[in-house]
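See below for the structure under consideration.
Naming: A, B, ... by sequence-line order, numbering from 1 per chain.
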2 protein chains.
Amino acid sequence: MSETRGTTPLGARRTRQRLDILQHLSAAPDFISAQGLHARLAQTGTLVGLSTVYRALRDLERAEQVDVIRSEASGERLYRRRSTSEHQHYVICRRCGRSEAVDTDIVERWAAHLDQLTGFSNVTHTLELSGECMDCHL
Amino acid sequence: MSETRGTTPLGARRTRQRLDILQHLSAAPDFISAQGLHARLAQTGTLVGLSTVYRALRDLERAEQVDVIRSEASGERLYRRRSTSEHQHYVICRRCGRSEAVDTDIVERWAAHLDQLTGFSNVTHTLELSGECMDCHL
DNA sequence: ACAGAAACGACATCCATTTTCATTAGGGGA
DNA sequence: TCCCCTAATGAAAATGGATGTCGTTTCTGT
C-alpha cells in the first residue's frame with residue numbers, strides 16, 4: 001500500500017541521522033540554523049552530511065514540527081522544535097539569540113479578522129519580535 | 001567641517017544613479033527586489049550598476065526611507081518607498097505580489113507594551129501578512 | 001533474505017548579496 | 001571658476017546559504 005501516511009516527526013524512514021538531528025534540535029534551547037546544527041552534531045562526534053541536515057529540516061518544516069524564522073542579522077533560516085501544536089511567536093535577543101515564547105492572543109484574534117479587514121483571502125501572518133534580554137541589556 | 005549630516009533621502013552626494021534609483025523605486029507600485037529594480041532601470045535605458053542599486057537601497061534602508069520585507073517564496077529582500085514616516089505593515093498577495101497597507105493600530109498598541117510583557121528591552125517587531133487579493137482569488 | 005525506494009553524503013551549482021579596487025565625478029573651498 | 005578630496009560607481013570576483021546531482025547505502029514491507 002502506498003498510502004501509509006507517516007505519523008512520526010521523522011521522515012518515512014527512521015535513520016540514525018534523522019534521529020540525531022531531531023534529538024539535537026530538540027535539545028537546542030534556542031533557534032538554530034542548519035549550519036549551526038550541523039556543526040553541533042559534528043562537535044559531539046555525530047557525523048551527518050550538511051545536505052542531510054537541510055533535507056531533514058525541510059521535512060520537519062513541512063510536517064509542521066518546527067517553527068522557522070529568519071535571522072535579521074545573517075538572513076539565515078533558524079529552526080526550533082515546536083513544543084505545542086499551535087503556532088507560536090517568540091522574542092529573540094538580538095545579542096545572544098536567546099528566545100522566549102510570547103503570548104500573542106490579542107494579535108491572533110486580530111489576525112483572525114484580517115480577511116474581512118483587508119479584502120484579501122487566506123491571510124496568514126508572520127510576526128517576529130527582537131529585543132535585548134535582561135542578561136544582555138546591562 | 002566633517003559634521004555635515006545630510007538630510008536628503010539620497011546619500012551624501014546627489015548622483016544621477018541615486019536619483020534614478022529613487023525615482024524608479026518611488027514609481028513602483030509594489031515591493032520590488034534590488035534585481036527587479038535594476039532590471040526595470042535597464043529596460044528604460046537607465047544604466048546603473050547592480051552593486052550601485054544594492055548600495056543605494058542599503059543607504060535608503062539606513063535612512064528609513066524604505067520598508068523592507070523578505071519574499072516568502074524566493075527569500076529576496078523586497079523594498080518599497082515609505083510614504084508616511086510611520087512604520088507600516090502590508091498584506092501581500094502571494095500570487096501577484098500586489099501589496100496594500102493595513103491598519104495595525106491594535107497590534108501597535110500591544111507592541112508598545114512588549115517590554116513589560118516580555119522582560120526584554122527595546123523590543124521591535126516585524127509583521128508580515130500574505131494572502132490572496134480579490135483578483136487572484138477566483 | 002530480497003527488492004524497491006528512500007535517505008545519505010560529497011560535491012557541484014545556484015543565486016542573492018557583498019566586497020574589491022581602479023576609475024569617475026559631486027561639491028565645498030579657495 | 002578651478003581644484004582637490006573623497007564619496008560613488010561599476011565590472012568582476014568573492015561570499016555564503018541553500019538546493020540539486022548522482023552514485024552508494026540502508027530501511028522496511030513482503
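- Among the nucleotides C:dC8, C:dA16, D:dG10, the one closest to any side-chain atom of A:Gln17 is C:dC8.
- Between the CZ atom of A:Arg13 and the P atom of C:dA6 there is a distance of 7 Å, rounded to whole Å.
- In terms of position on DNA chain D, the residue among B:Arg16 and A:Ser74 whose nearest nucleotide sits closer to the 5' end is B:Arg16.
- Residues A:Asp59 and A:Arg55 are not paired through a salt bridge, judged by the lack of any N-O separation under 4.0 Å between the basic side chain and the carboxylate.
- The distance between atom CG of B:Leu19 and atom P of C:dG26, rounded to the nearest whole Å, is 11 Å.
- Taking the nucleotide of DNA chain C with the nearest heavy atom to each of B:Leu50 and A:Leu47, the more 5' of the two is matched to A:Leu47.
- Judged by distance alone, with hydrogens and angles left aside, the side-chain atoms of A:Arg82 form no donor-acceptor pair with the main-chain N or O of A:Asp67 at under 3.5 Å.
- Of the candidate nucleotides D:dT9, D:dA18, C:dT17, D:dA18 has the atom lying nearest to any side-chain atom of A:Arg77.
- Comparing D:dG10, C:dT17, D:dG17 by their closest approach to the side chain of B:Tyr54 singles out C:dT17.
- Under the 30°/60° scheme for interplanar angles, the aromatic rings of A:His89 and A:His125 are found to be tilted.
- A donor-acceptor contact under 3.5 Å is formed by the side chain of A:Arg55 with the base of C:dG9.
- Put simply, the side chain of A:Arg18 and the base of C:dA7 share no donor and acceptor less than 3.5 Å apart.
- Going from atom CG of B:Asp59 over to atom C1' of C:dT18 covers 13 Å, rounded to whole Å.
- Using a 4.0 Å cut-off between a side-chain N of Lys or Arg and a carboxylate O of Asp or Glu, B:Glu76 and B:Arg70 do not qualify as a salt bridge.
- Computed from coordinates, the A:His38 NE2 to D:dG16 P distance equals 16 Å when rounded to whole Å.
- When rounded to the nearest whole Å, the span between CZ of A:Arg62 and C1' of D:dA18 equals 14 Å.
- Checking D:dT28, C:dT17, C:dC8 against the side-chain heavy atoms of B:Ala34 singles out C:dT17 as nearest.
- The base of C:dA10 is paired with the side chain of A:Ser51 by a donor and an acceptor separated by under 3.5 Å.
- B:Val91 forms part of a hydrophobic cluster together with A:Val91, A:Val102, A:Ile106, A:Val107, A:Trp110, A:Leu114, A:Leu117, A:Phe120, A:Val123, A:Leu127, A:Leu129, B:Val102, B:Ile106, B:Val107, B:Trp110, B:Leu114, B:Leu117, B:Phe120, B:Val123, B:Leu127, B:Leu129, judged by ILVMFWY side-chain heavy-atom separations under 4.5 Å.
- D:dA8 atom P lies 12 Å from atom CG of B:Leu60, rounded to whole Å.
- Rounded to whole Å, atom P of D:dA18 lies 7 Å from atom CD of A:Gln35.
- For the pair B:Thr15 and D:dT9, the criterion of a side-chain N or O lying under 4.0 Å from OP1 or OP2 is met.
- The CD1 atom of A:Ile32 sits 14 Å away from the P atom of D:dG17 (whole-angstrom rounding).
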